Amino acid sequence: MTGPDMTAPNAASRTSASERYNPQKAEPHWQAKWDEASVFITQNDDPRPKYYVLEMFPYPSGRIHIGHVRNYTMGDVVARYKRARGFNVLHPMGWDAFGMPAENAAMQHKVHPRAWTYQNIEAMRAQLKVMGLSLDWTREFATCDVDYYHRQQILFTDFLKAGLVTRKTSRVNWDPVDHTVLANEQVIDGRGWRSGALVEQRELAQWVFKITDYAQDLLDGLDELDDWPDKVRTMQRNWIGKSRGLHMGFALTSPTHGLEAIEVYTTRPDTLAGASFIAIAPEHPLSQAMAQDNSELAAFNADVRRSGTSEEALEKAEKRGFETGLTVKHPIYPDQTLPVWVANFILMDYGTGAVFGCPAHDQRDLDFARSHDLPVIDTYFALDDDTPVANEAFVPDKTEKVRFVNQPAGVEVATGQQAIDATIDWAEAQGLGKGKEQFRLRDWGVSRQRYWGCPIPVIHCESCGAVPVPAKDLPVKLPDDVSFDRPGNPLDHHPTWKHAQCPKCGKDAVRETDTMDTFVDSSWYFARFTDPKANTPTVAESANGWLPVDQYIGGVEHAILHLLYSRFFARAMKATGHMDIREPFKGLFTQGMVVHETYKGTDGWVEPAKVLIEGEDDTRTAKHMETGERLEIGSVEKMSKSKKNVVDTDDIITTYGADTARWFMLSDSPPERDVIWSDAGVEGAHRHIQRVWRLVNDVVNATPDDFDDTPPGSFSDDATALRKVIHRMLNAVADDVEKLAFNRSVARIYDATNAIGRALTKHGDAPDMLWALREAVSILVEAMQPMTPHLSEACWARLGHTGLLATKPWTEVDRSLLDDDTLLLPIQVNGKKRGEISVAKTADKDAVEAAVLADETVVKLLAGQAPKRVIVVPQRIVNIVV
RNA sequence: GCGGGCGUGAUGGAAUUGGUAGACAUACGGGACUUAAAAUCCCGAGGCCCUAGGCCGUGUGGGUUCGAGUCCCACCGCCCGCACCA
């Protein structure tokens, strides 16, 4: 067998059993040892199989918060575990460093965004180092490093040449507080995602990434991402929003404004026979054109636009409309005409900005029809009920069979889906329209009117248009001398920066002053980590070798934006030859938040550090430590500055050490769920750290100087029992870590710790038991190493082992200890547990049945009756039916 | 409204995926050690019945099964995402 290397420590190294583990001393010591040995520096040409673990990199706000601690601890456990398992692990860290807060700080505190950002990075790096993370710091970069955004500009120009970036004049979401454009994804309930201000619509020329070119591919790719949460895949699917329907024209009875017909898109062509009106968006070209000489319509359009995005308007959901007086021919019944309305609920952005309304089979259309006295025409009924539609539209499931009336395709009874397909075929055959796939996804506008971002490397020339900056002139650097005295873009206000010569014709021209959306920065950083010093954005060999990221860990708030953009970038980089990776993240894990109770006094929210809790459960009360004021205990919420329910990570690490913080973050709550921060929980975690240290010392102190560390030839039952517990624990911890079920690993380690403690007090002096105990604590600290690396190193050294635990290969479990020869099978009678029986593991069904029926308690329970049936599930359970 | 998820002791949560419900931890109670406290160690604990022993128990009601926290149906409650998407 392969036991751990067990050199008996010399007597001089003994400590008294009462000495407490001192993380403040031990943690920096071991961190220095790892650094000296360059344990976490990763080489690209290492021959071992690769494993890439990545946590979403932080924005350098200035402080590491407890959510970061949880995120990076999880990643670190995986990284350390995989390293022990023989993988060449890439585990880098960087900074998502461009963005608004730096400019806000500049305006408020008169600091340069660059200075502010790099100071914050310094501070946060120091905080991360204290956590003992197994990061390769040689690969660190910030997205605001010239070195990084230079390469991003190369990518931009390459995308431009490949037709993946274009310039579009379009209506954009304008944030009037931040003075910038927002992507649709950044508008939440009609408000800017960061400022919370009501978003306005403006016409602006924008640079857009043509993410829609990949709509289908981004959708298809989701099917392969088995190691992603279904929830995230569903969210992305809905966001891309593919639908299949019919694109068709409704001929105008008298052509107007140069239009012969109104183009509509519908996913329910099966309801075509029931069409009773046409509705178009206020922004529809026809509506706009008519408004030129119709002031009432102009007023209506303006009114809709004004209230269009506000929450109240959406909630009221009043179906408002304006009748244009125009009519179109019904495509199925040419002698009938349908009126054309402008309606507030039609979106110009989706489909063609025009629909036909079928009130009988769409609730929204029905509401509109009822309030504007439009006809309701049934086109199909349920098979057993032909009651006409009254106030509820009849919208059956598409797979439900229904009975059609007046259907053009000759359909009488069919499912909705069959009718849809038949109608599309019919419409195509008649030349009325075409089947069409439609996506909800829209192109990604990346222009931002900000200073602190990656400059868009383009020069606008009056003769040549928008000309990309040639590679030899890159990078386009941000100027340092900018002022934030007035609103708007400092780059635009800069006296000289924007003036340049056209790279094509040499005439005076103007630089693009917009910078890129910061989501661009985070869309390819994972690829840059694979070769962070390269002159090109990536080195294909390195990127292809490391990517995809095997395990990506971060908050679910990035489920759509960041992850979708990154998936687009991987495809675009593949198309432009920068790497050959389609899906950048193989495994994704979205961790829960760290939450805390809130406390409120008459002067507002109070920090937990100043709150004294008395009593328990229902009778708990909170008191202000300084003023003695009674405080209200509020709900448990995400830690935020506004609620002041923030726990400072430095305080925790100073008081208890990084290992305690790490251990607590992994305990109890499943990693995907929210964890409630509690002082009692932290205390409990710290108690365990101390207990393991004590246990290790007790075992060392029980070891005589002349201890023979060769494995004994045989073990007592007690020693074997302990070894079984430990080896099973090691096996199970590995399984759980693979599944990221850290809370279960923790529980198993507690279990094993208890078992070691019991064995020590009971039989600590028998030589075979002592050997087993030394093996047990060695394996215990090894299993804990990914989670509590400092403590584990200290214990490892204390046990007299040489070398760093951080570089030790994972111990192979002794398989012979995983299984028992005999099993304790529960015996049920009529499904209720009535006893247990010990049987040989290899016993077959008949043997088990015979043994059970011969069992004393069973005989007693049966009291002479013959069982009707005996169900034996081998190695599980026995159930007797009487 | 649509889509997804969840509901287990005082609390966070386990439960080999249909096979001994409540592992492990927190809080609590009792004991040991101590002049005392802290620390540590040991013991107890789902509810009910006086006990032996038994009955009940995983949001509620029903079903499938030898056997259901787990599967099916209906309902109740909570959480998350999207939302006038044609």
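Keep in mind the model is a prediction, meaning the values are calculated, not measured. Letters A, B, ... are given to chains in the order of the sequence lines, protein chains preceding strands, and every chain is numbered from 1.
- In a base pair of the Watson-Crick type (N1 to N3 plus N6-O4 or O6-N4) or a G-U wobble (N1-O2 and O6-N3), with each distance short of 3.5 Å, B:U26 is matched with B:A10.
- Of the candidate nucleotides B:G13, B:C82, B:A27, B:A27 has the atom lying nearest to any side-chain atom of A:Arg687.
- Checked against B:U17, B:C80, B:C55, the side chain of A:Arg876 finds its nearest nucleotide in B:U17.
- Classified by interplanar angle (parallel below 30°, tilted 30° to 60°, perpendicular above 60°), the ring pair A:Tyr265/A:His247 is tilted.
- For A:Asp751 and A:Arg748, the salt-bridge test fails: no basic side-chain N is under 4.0 Å from an acidic carboxylate O.
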The test is side-chain contact (heavy atoms from CB on, under 4.5 Å); show your working for A:Trp341 and A:Leu374 and say whether it passes. CA-CA 11 Å; A:Trp341 287 68; A:Leu374 292 158; 3.9 Å; yes
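- For the OP1/OP2 pair of B:A83 and a distance below 4.0 Å, the side-chain nitrogens and oxygens of A:Arg440 include at least one atom meeting the criterion.
- Ring orientation note: the planes of A:His372 and A:Phe368 are tilted relative to one another, at an angle of 30° to 60°.
- The partner of B:A74 is B:U60, judged by Watson-Crick or G-U wobble contacts that both fall below 3.5 Å.
- Both distances falling under 3.5 Å, in either a Watson-Crick or a G-U wobble arrangement, place B:C2 opposite B:G81.
- Comparing atom distances between the A:Tyr350 side chain and each of B:C85, B:C82, B:G19 picks out B:C85 as nearest.
- Within the nucleic acid shown, A:Arg268 comes within 4.0 Å of sugar-phosphate atoms alone, with no base atom in reach, counting heavy atoms only.
- Among the atoms of the strands shown, only primed sugar atoms or phosphate atoms (P, OP1, OP2) are found under 4.0 Å from some heavy atom of A:Lys832.
- As the counterpart of B:G69, no nucleotide is assigned, since no Watson-Crick or G-U wobble pattern has both distances under 3.5 Å.
- Of all nucleotides listed (B:C66, B:G3, B:G13), B:G3 comes nearest to the side chain of A:Thr234.
- At the heavy-atom level, A:Gly684 lies under 4.0 Å from the strands shown only through sugar-phosphate atoms.
- For the OP1/OP2 pair of B:C41 and a distance below 4.0 Å, the side-chain nitrogens and oxygens of A:Arg694 include at least one atom meeting the criterion.
- Listed nucleotides: B:C41, B:A15, B:A83. Nearest to the side chain of A:Arg744: B:A15.
- The separation of B:G22 from B:G57, taken at their C1' atoms, amounts to 11 Å, rounded to a whole angstrom.
- Residue contacts for A:Ser669: at a heavy-atom cut-off of 4.0 Å it reaches the sugar-phosphate backbone alone, with no base atom in range.
- Within the nucleic acid shown, A:Arg728 has no heavy atom closer than 4.0 Å to any nucleic acid atom.
- With distances taken from any side-chain atom of A:Lys833 to the nucleotides B:A14, B:U20, B:C24, the minimum falls on B:U20.
- Counting any heavy atom pair closer than 4.0 Å across all strands shown, A:Glu836 reaches a base atom.
- A salt bridge links A:Asp223 to A:Arg237: one of the charged nitrogens lies within less than 4.0 Å of a carboxylate oxygen.
- Contact annotation for A:Asn743: backbone-only contact, meaning every heavy-atom pair under 4.0 Å involves sugar-phosphate atoms and none involves a base.
- Across all strands, A:Ile346 comes closer than 4.0 Å to base atoms (heavy-atom distances).
- In this structure, of B:A14, B:C84, B:C24, it is B:C84 that holds the atom nearest to the side chain of A:Arg364.
- The residue among A:Tyr265 and A:Asn238 whose nearest nucleotide of RNA chain B lies closer to the 5′ end is A:Asn238.
- Using a 4.0 Å heavy-atom distance criterion, A:Asp230 is classed as making no nucleic acid contact.
- Nearest nucleotide to the side chain of A:Met235, out of B:G81, B:A25, B:G13: B:G81.
- In this structure, the nucleotide among B:A25, B:A83, B:G13 sitting nearest to the side chain of A:Arg673 is B:G13.
- Ring orientation note: the planes of A:Trp677 and A:Phe664 are nearly perpendicular, at an angle over 60° on the 30°/60° scale.
- Judged by Watson-Crick or G-U wobble contacts below 3.5 Å, the nucleotide B:G53 has B:C49 as its partner.
- For A:Met348 and A:Ala680, each mapped to the nucleotide of RNA chain B holding its nearest heavy atom, the one lying further toward the 5' end belongs to A:Ala680.
- Taking the six-membered ring wherever Trp is involved, the centroid distance between the rings of A:Tyr750 and A:Trp663 falls below 6.0 Å.
- Each of B:A25, B:G67, B:U17 was ranked by its minimum atom distance to the side chain of A:Asn879; first place goes to B:G67.
- In this structure, B:U40 forms a base pair with B:A32, meeting either the Watson-Crick or the G-U wobble geometry with both donor-acceptor distances under 3.5 Å.
- Among the heavy atoms of the strands lying under 4.0 Å from A:Val873 is at least one base atom, whether or not backbone atoms are also near.
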